[in-house]
Amino acid sequence: QVHLVESGGGSVQAGGSLRLSCAASGYTDKPYCMGWFRQAPGKQREGVANLSSGGTYIYYLTDVKGRFTISQDSANNSLYLQMNDLKPDDTAMYYCASSDNRACYAHISRPVHFQNWGQGTQVTVSS
């Protein structure tokens, strides 16, 4: 059973930086896609930064382009999200997720195509 554990969340002031990490275990095969999603109170979960195994497909939410960078350590399926110039609108619970289905290639930003989820890490940005 795949197990994903996020870390690195916290509270920062606007303009600050955080680096989220996702430690993965339990894979029998490499996931087709991995990514970061976020969900703010009263809002739907949305894809923030996602990539396919090997990095052929990379997606960034428009609002985070140029500020966030996703990276992975393919040797152990770890995933990272460097977040710079954080804004109050970035406040949310951030989730690491992976997909066992190559359908994620065509729908890489959509949560429904990801089967494995971590418990989330809270990011709070104050103005």
Side-chain angles (χ1 to χ4, degrees):
Q1 184 176 357
V2 175
H3 190 51
L4 303 174
V5 180
E6 304 94 337
S7 61
S11 298
V12 296
Q13 290 191 326
S17 298
L18 286 171
R19 186 173 187 252
L20 305 184
S21 299
C22 175
S25 61
Y27 285 112
T28 54
D29 295 299
K30 284 190 178 297
Y32 285 99
C33 301
M34 293 192 75
W36 293 96
F37 294 80
R38 70 186 182 187
Q39 188 166 17
K43 294 188 177 181
Q44 290 189 335
R45 190 169 297 189
E46 62 181 356
V48 175
N50 306 327
L51 51 73
S52 60
S53 180
T56 302
Y57 304 106
I58 300 177
Y59 165 84
Y60 286 103
L61 183 68
T62 299
D63 288 349
V64 308
K65 284 182 180 178
R67 301 189 296 121
F68 291 11
T69 303
I70 188 172
S71 60
Q72 65 177 358
D73 182 343
S74 57
N76 57 19
N77 293 318
S78 295
L79 193 69
Y80 307 95
L81 185 67
Q82 178 66 44
M83 305 187 295
N84 298 328
D85 190 23
L86 282 160
K87 304 175 186 294
D89 284 348
D90 295 319
T91 295
M93 186 71 78
Y94 283 71
Y95 298 91
C96 173
S98 69
S99 178
D100 306 322
N101 190 319
R102 65 174 61 237
C104 66
Y105 289 167
H107 307 283
I108 202 168
S109 67
R110 298 185 62 187
V112 69
H113 292 285
F114 287 73
Q115 298 79 34
N116 308 304
W117 292 85
Q119 83 289 349
T121 186
Q122 178 67 37
V123 171
T124 302
V125 185
S126 58
S127 58

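As a basis for the values below, the full set of heavy atoms in this structure was taken, side chains included, without hydrogen atoms, waters or symmetry mates.
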J.: Find the distance between OH (Tyr80) and CD (Gln72) and round it off to the nearest 0.5 Å.
T.: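 Result: 10.0 Å between the selected atoms.
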J.: Give me the atom names and distance for the closest heavy-atom approach of Val48 to Val64.
T.: O-CG2, 3.7 Å
J.: Please tabulate, for the side chains in residues 12-35, all donor-acceptor contacts under 3.5 angstrom to protein atoms that are two or more places apart in sequence or on a different chain.
T.:
unit_1: Ser17; atom_1: OG; unit_2: Asn84; atom_2: OD1; d: 3.0
unit_1: Tyr27; atom_1: OH; unit_2: Ser98; atom_2: OG; d: 2.5
unit_1: Lys30; atom_1: NZ; unit_2: Ser74; atom_2: O; d: 2.3

J.: Hey, could you give me the OG/CG distance between Ser109 and Leu61, rounded to the nearest 0.5 Å?
T.: 8.5 Å
J.: Looking at Tyr94 and Met83, what are the two nearest heavy atoms and their distance?
T.: CE2-SD, 3.9 Å
J.: Determine which pairs satisfy salt bridge (Lys or Arg N to Asp or Glu O under 4.0 Å) with at least one residue from residues 48-68, sequence neighbours left out, and list them in order.
T.: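 Pairs touching residues 48-68 that pass the test: Arg67-Asp90.
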J.: Name the one of Arg45, Glu46, Gln44 that satisfies side-chain hydrogen bond (donor to acceptor under 3.5 Å, both in side chains) with Gln39?
T.: Arg45
J.: Indicate the atoms forming the closest heavy-atom contact of Asn76 with Ser78, along with that distance.
T.: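 Closest approach of Asn76 to Ser78, heavy atoms only: OD1-OG, 2.8 Å.
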J.: Taking all heavy atoms of Tyr105 and all of Ser52, pick out the closest pair and write down the distance.
T.: CE2-CB, 3.7 Å
J.: For Phe37, which residues count as a ring-ring contact (aromatic ring centres under 6.0 Å, His included) partner, sequence neighbours excluded?
T.: Phe114, Trp117
J.: Whether the side chain of Thr91 engages the backbone of Val125 through a donor-acceptor N/O pair (distance < 3.5 Å, no angle test) should be reported.
T.: yes
J.: Does Phe68 share a hydrophobic cluster with Tyr57, counting links as ILVMFWY side-chain heavy atoms below 4.5 Å and allowing steps through other members?
T.: yes
J.: Taking all heavy atoms of Cys104 and all of Ser99, pick out the closest pair and write down the distance.
T.: CB-OG, 3.5 Å
J.: Could you pull out the closest heavy-atom pair between Cys96 and Leu79, with the gap in Å?
T.: SG-CD2, 4.1 Å
